[in-house]
Amino acid sequence: ALFRDGFKCTLCGVYDRSSVETYNAVNKKYKKEGQTKLVYTEVAHILSESDYATTVFAILNMFGLEEKTKALYGAGVNGLRNVITVNTEFHKAFDQLKLWLEPVPDTDNTYNICGVGVDTFMAPFKSKRITFSVDSSVAAGAGEQGITVDLPDLTMLALRATFSRVARMSGAAEHIDLILRDPEDITVLADDGSMAGLLSFRLSTAQPRVLQFQG
């Protein structure tokens with residue numbers, strides 16, 4: 001993913017510090033572009049079964065969507081379709097469902113960066129809109145070998161955005177935090193019935209939008 005993404009955080013466009021310090025070619029590109037900042041980057045999974053995502057899968061299972069969601073990435077959880085390169089701060093926010101990407105209609109591989117405190121997150125950077133692309137040198141090498149380099153998957157990003165919005169709705173995030181602190185106490189979702197209704201409505205209204213991306 002780091003090679004595909006040009007040794008940069010895909011969200012802020014800043015070069016990965018370790019890559020600049022390790023690879024001469026990356027160091028030259030960094031200097032040529034006149035950048036002055038560096039960040040440490042990590043690989044973030046769009047769909048996975050860890051941390052907050054585990055709780056979300058439990059919620060999806062309540063509405064019969066867990067297996068459909070897992071089927072999107074199948075055995076390729078670490079495949080390029082399911083990963084993006086982000087800096088460590090963005091990775092933490094992404095894993096906590098505080099940051100997500102909304103597809104821009106009628107624009108290939110382009111997304112708005114959305115979430116809790118996104119204006120603060122993105123204040124030091126140029127834009128809250130990104131377009132995924134394969135680094136030109138990687139694309140050239142892959143083309144010579146007849147290899148296709150996948151970009152992050154639109155459907156998986158749309159689904160991730162859907163349950164991130166669900167988690168950040170009024171009251172939903174607090175319930176998810178409670179489940180994480182006590183995984184056995186799933187009943188917190190249905191104390192008065194309102195939480196289940198809210199999630200059911202939000203997920204059911206989001207499904208048509210997600211499904212239309214599959215064609």
Is a side-chain donor or acceptor of [X] paired with a backbone partner of [Y] at a separation under 3.5 angstrom?
X: Asn87; Y: Val39; answer: no
X: Asn82; Y: His45; answer: no
X: Arg160; Y: Phe94; answer: yes
X: Asp16; Y: Thr41; answer: yes

Residue pair [X] / [Y]: nearest heavy atoms and the distance that separates them:
X: Ile113; Y: Leu11; value: CD1-O, 3.6 Å
X: Cys114; Y: Glu102; value: SG-CG, 3.2 Å
X: Val14; Y: Gln35; value: CA-OE1, 3.6 Å
X: Arg4; Y: Val83; value: NH2-O, 2.9 Å
X: Val149; Y: Ala142; value: CG2-CB, 3.6 Å
X: Pro152; Y: Ile46; value: CB-CD1, 4.0 Å

Assess the side chains of Thr131 and Thr110: does a donor N or O sit below 3.5 Å from an acceptor N or O? yes
From [atom1] ([X]) to [atom2] ([Y]), nearest 0.5 Å:
X: Leu101; Y: Thr10; atom1: CG; atom2: OG1; result: 7.5 Å
X: Tyr15; Y: Tyr23; atom1: OH; atom2: OH; result: 14.0 Å
X: Phe132; Y: Asp108; atom1: CZ; atom2: CG; result: 13.5 Å
X: Leu38; Y: Ser18; atom1: CG; atom2: OG; result: 9.5 Å
X: Asn109; Y: Asp153; atom1: CG; atom2: CG; result: 10.0 Å
X: Cys9; Y: Lys37; atom1: SG; atom2: NZ; result: 11.5 Å

Looking only at the aromatic ring of each residue, does the gap between the centers of Phe7 and Tyr30 stay below 6.0 angstrom? no
Starting from the C-alpha separation in whole Å, work towards a yes-or-no answer on side chain to side chain contact (heavy atoms under 4.5 Å, CB included) for Val43 and Leu2. CA-CA 8 Å; Val43 172; Leu2 185 61; over 6 Å; no
How would you list all residue pairs meeting salt bridge (charged side-chain N to carboxylate O under 4.0 Å, His left out) that involve residues 142-151, not counting sequence neighbours? none
The side chain to side chain contact (heavy atoms under 4.5 Å, CB included) partners of Asn27 (sequence neighbours excluded) come to Val20, Lys31
Heavy-atom side-chain proximity of Leu154 to Pro103 below 4.5 angstrom: yes
Is there a side-chain contact between Lys92 and Leu99 in this structure, where contact means two heavy atoms from C-beta onward sitting under 4.5 Å apart? no
Evaluate Arg129 against Thr107 for side chain to side chain contact (heavy atoms under 4.5 Å, CB included), listing each step before the verdict. CA-CA 11 Å; Arg129 176 171 290 186; Thr107 310; 5.9 Å; no
Is Leu97 reachable from Val116 through a run of I, L, V, M, F, W or Y residues, each pair having side-chain heavy atoms under 4.5 Å apart? no
Answer with yes or no whether the hydrophobic clustering places Trp100 together with Phe90; edges join I, L, V, M, F, W, Y residues whose side-chain heavy atoms lie under 4.5 Å apart. no
